[in-house]
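A short worksheet on the structure shown next.
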Protein chains: 2
Amino acid sequence: MADSELSSALREGLIRAVGPERLLTGAAQREAYAWDNSGRRFLPWAVALPESREQVAGVLRVCHEAGVPVVPRGAGTGCVGGGLAVQGGVILSTQRLNRIVAIEPGDRLAVVEPGVVNGVLRERLAAHGLFWPPDPSSARSCTIGGNLAMCSAGPNAVRYGVTRHWVLGLEVLLADGSPMRVGGYTTKGVVGYDLTQLLIGSEGTLAVLVEAILKLAPLPEARRTLRATFRDMESAARAVAGVMGRGEPPSALEFLDPASLELLRGNGGGVGHPEGQALLLVEVEGDAVEVDRKACALRERLLAFDPLEAVVAGDEAESKRIWSARYALSPTLTRIAPRRINEDVVVPVTRLAELVAGLQRIARATEVPIVSFGHAGNGNIHVNLLTDPADPARQVRAAQALEQVFDLVLQLNGTLSGEHGVGIMKRDFIPRELDPRSLVLQQAIKGIFDPRGILNPGKIFPMS
Amino acid sequence: MADSELSSALREGLIRAVGPERLLTGAAQREAYAWDNSGRRFLPWAVALPESREQVAGVLRVCHEAGVPVVPRGAGTGCVGGGLAVQGGVILSTQRLNRIVAIEPGDRLAVVEPGVVNGVLRERLAAHGLFWPPDPSSARSCTIGGNLAMCSAGPNAVRYGVTRHWVLGLEVLLADGSPMRVGGYTTKGVVGYDLTQLLIGSEGTLAVLVEAILKLAPLPEARRTLRATFRDMESAARAVAGVMGRGEPPSALEFLDPASLELLRGNGGGVGHPEGQALLLVEVEGDAVEVDRKACALRERLLAFDPLEAVVAGDEAESKRIWSARYALSPTLTRIAPRRINEDVVVPVTRLAELVAGLQRIARATEVPIVSFGHAGNGNIHVNLLTDPADPARQVRAAQALEQVFDLVLQLNGTLSGEHGVGIMKRDFIPRELDPRSLVLQQAIKGIFDPRGILNPGKIFPMS
């Protein structure tokens, strides 16, 4: 099926739905939509670029009628193949539905279309002293639609919670193109089952988003960045649990392992004490009067865990330098291991030391280098297995290492994904995590929403 | 069916499930479980008081086999008949499943059984410098199970969000008694559809809770209470939108209307300026160093809206006096109108002035006194229609007034319930609010979870 040609009936139907200038059918055009950050490639039959919800509905009606897969897609920054046409069919890009419909400061809400870029919304809201917290590292290019489909998150989830906490209501189109509103404009509401929450994180398998009502938070006046380096992973992990164990949570609590530090030292440094084997990057926020006091108080708490150093960035430039080391990691890894496996497992914060020790054990046993860093305050660690497509034996060992990582995470009461989602990359692993009864119910829910199975088929659920 | 006797086979099955000492079948015993705060009465056939999840499973298996309704019930403090056996059957009380299984400060989580009383958990957590935010006014007696079933909330939702934001995972028993785990121990997790969120607020119609993993927040060091009285409702409503429009949200932003103030003045006062026609009660929190500064800053912001007075409570005793006026309202209303209709509608904060004006219009037109107060920071107002069972004409007018209130709320982009739920009291009204497609999907989900329809039948969905 994945290699089928676009039938002329389907092509004509899609052209009627969106107009010829918004339907891409050339091989080169389709190629641009065949990839995401998973590194996998699936060429769609066609790409529709609707500019109105009526056009989205038209695409759905045509595909529903024909039983053709529809793959909703934002900016294509996802890591798990969620926006790829793995069973062929039509990519339904929501990038041109990019209006910020309304910003209501008094109600602390914004109404947006799914194609609005996260960072663009952030800029627009700043003028009102507000922001929408979810901050994936792709914020400059990823769209709100993708954020909601995957329930993506970033560093500030440690303070603000995850994407689903910041959505009040949705307008979606169902598989047959008919519209449905769920939730609404209020910060409280308990009328019926919460389909808003069910749809968030459903990876485009239940409905297509056309509008979202987002809950906003006040933009903090000031932020301060701290860096603490530790002589070993265990003391850094204890410091994380200590910081999270009481008091106001920081707005970021990031972690870098020895392999990350080694990479960065080879890459220009900026990672503190030369003997450091683990680094914590902490951000506190507050109003201008209190933020320095908060930063000093947090430094005091870190000192209790015997770091090699713990410094508060003196100014914005120093803060940026500290963060840039963290953000240099992903590109550096991509350079040295373009086909690395990049996971985003989560364990309870108090099990972080066990996770880190276990990862080192697995790396030694399988001889697959593992580089770990990420959102320690949520126990959400990006585990990078450095594979090498030119070395088939290492590829096999990497697959074994990945299995061991997942088993370890589940033993520690963790989860296989904190913010990337399942897509095609983890669908065969989720039966290890999910209660079998839950999996049966989830598939039954899918069947209710999408009886013909046209919405993003092949995602989330294991292929039977 | 509601008047049926308990068959001897069912009685024997239930005794096998929970033991004779945990099954109540006497009329007087059952009477205690025939009521909740809705004022409606439905006598159950029997009341089971299991003390373990195995016993809960046994009750479910027996009732599932026999096709008998099972009504999960916490402390019976609900307002919408959610815990009443409206179609007869067995009340399944979870009050004796009341263990606090674990408190993990480093992970900011607690594991509890559903019968734990909200206020008891609060006391236990305070020793760790943590708390579980949901604070319904019944916190001293209501259970966590009831809080989760109804997604109940209270004043501090304006700062902390609602109950569903503070739950990480659940263990439930399905209709046939089989166990299912959803969610987990981590603050992030995106593997599969979020059934945790679907179950919260489902009013016991999808499954029976036996354990919950709750997310915790740090207990603030200090709080300050402010009271501001205004010469009219409009300026108070504008002040609410002004406070919510920027900056850190207060931890409570409550509102009392002219009728509330009149009642309280006759009742001992404590409501500020004698000419006040609207009162705002605001609470700010923070650490000991910053809380007074925050209170002063908030007072400055309130002064911009020209109140008759705006005072910060000087000490704990004065703060308690201010809050006690707010908490005296419900009992006072119950005394003067025991059968009052107590609604908990919500509108966007910026529409509050329109809601309040509309309510006054409806009260005048129908000659039914309306007293309104509540959680203004969320736009969540308790609208009390003072009915009188001895006056049939007024009862009819009250029913008309209620319809007009609901229509008004929906015109203002609001919702019929912010924290009480639907139960039997609003089930016939929800088609006015919900998209018909959403209602169909919700009923289909109910059918998947509970194909025999034994779990809390007659709740949420309109009777067809």
Side-chain angles (χ1 to χ4, degrees), chain A residues 104-108 129 150-151 153 157 161-162 165 174 178 180-182 184-195 197-198 201-202 218 241 244-248 290 346 348-350 378-380 413-419 421-422 430 433-435 437-438 441-442 444-445 448 460, chain B residues 104-108 129 150-151 153 157 161-162 165 174 178 180-182 184-195 197-198 201-202 218 241 244-248 290 346 348-350 378-380 413-419 421-422 430 433-435 437-438 441-442 444-445 448 460:
Chain A
E104 275 295 348
D107 296 326
R108 296 201 177 201
M150 311 308 283
C151 195
V162 295
H165 298 149
L174 297 171
S178 58
M180 177 175 77
R181 283 206 162 266
V182 294
Y185 295 84
T186 60
T187 49
K188 277 180 169 176
V190 290
V191 171
Y193 302 156
D194 197 329
L195 298 191
Q197 294 296 329
L198 181 66
S202 66
M244 292 307 294
R246 64 185 309 129
E248 191 184 347
E290 71 196 3
V346 193
V349 168
T350 55
N378 290 109
N380 184 196
N413 275 338
T415 174
L416 302 185
S417 180
E419 53 188 21
V422 178
I430 74 168
E433 173 170 342
L434 295 181
D435 190 314
R437 291 184 187 85
S438 165
L441 287 169
Q442 291 182 39
I445 290 170
I448 288 174
I460 300 184
Chain B
E104 275 295 348
D107 296 326
R108 295 201 178 202
M150 310 310 282
C151 194
V162 294
H165 299 150
L174 297 172
S178 58
M180 178 174 77
R181 283 208 162 265
V182 294
Y185 294 85
T186 59
T187 49
K188 276 180 170 176
V190 290
V191 172
Y193 302 156
D194 197 330
L195 297 191
Q197 294 297 328
L198 181 65
S202 66
M244 293 307 294
R246 64 185 308 131
E248 192 185 348
E290 71 196 3
V346 193
V349 168
T350 54
N378 290 109
N380 183 197
N413 276 338
T415 174
L416 301 186
S417 181
E419 54 187 22
V422 177
I430 75 168
E433 172 170 340
L434 294 181
D435 190 313
R437 291 183 186 85
S438 166
L441 286 169
Q442 291 182 38
I445 290 171
I448 288 173
I460 299 183

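Within every chain, numbering begins at 1; the chains are lettered A, B, ... in the order of the sequence lines, protein sequences first and strands thereafter.
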Which heavy atom of A:T415 sits nearest to which heavy atom of B:K188, and what is that distance?
CG2-O, 3.5 Å

For [X], is it the side chain, the backbone, both, or neither that has a heavy atom closer than 4.5 Å to a heavy atom of chain B?
X      : result
A:I445 : both
A:Q442 : both
A:L434 : side chain

Residues that B:D435 engages under side chain to side chain contact (heavy atoms under 4.5 Å, CB included), provided they are two or more places apart
A:M180, A:R181, B:R437, B:S438

Report the option among [options] that has the most heavy-atom pairs separated by less than 4.5 Å from atoms of chain A.
options                        : result
B:G129, B:G201, B:G245         : B:G245
B:P218, B:S178, B:G379, B:G418 : B:G418
B:G414, B:A444, B:G247, B:A153 : B:G247

Suppose we screen for side-chain hydrogen bond (donor to acceptor under 3.5 Å, both in side chains). Which residues come up paired with A:Y185, at least two apart in sequence or across chains?
none

To the closest 0.5 Å, what do you measure between CE (B:M244) and CG (B:N378)?
6.5 Å

CD on A:Q197 to SG on A:C151, rounded to 0.5 Å
8.0 Å

Of all of [options], which one pairs up most often with chain B through heavy atoms under 4.5 Å apart?
options                        : answer
A:V422, A:L198, A:V162         : A:V422
A:R246, A:M150, A:R108         : A:R108
A:T187, A:I430, A:T186         : A:T186
A:V346, A:V191, A:L195, A:L416 : A:V191
A:G184, A:A157, A:S202, A:A241 : A:S202
A:I460, A:V182, A:N380         : A:N380

Side chain, backbone, both or neither: which part of B:E433 has an atom under 4.5 Å from a heavy atom of chain A?
side chain

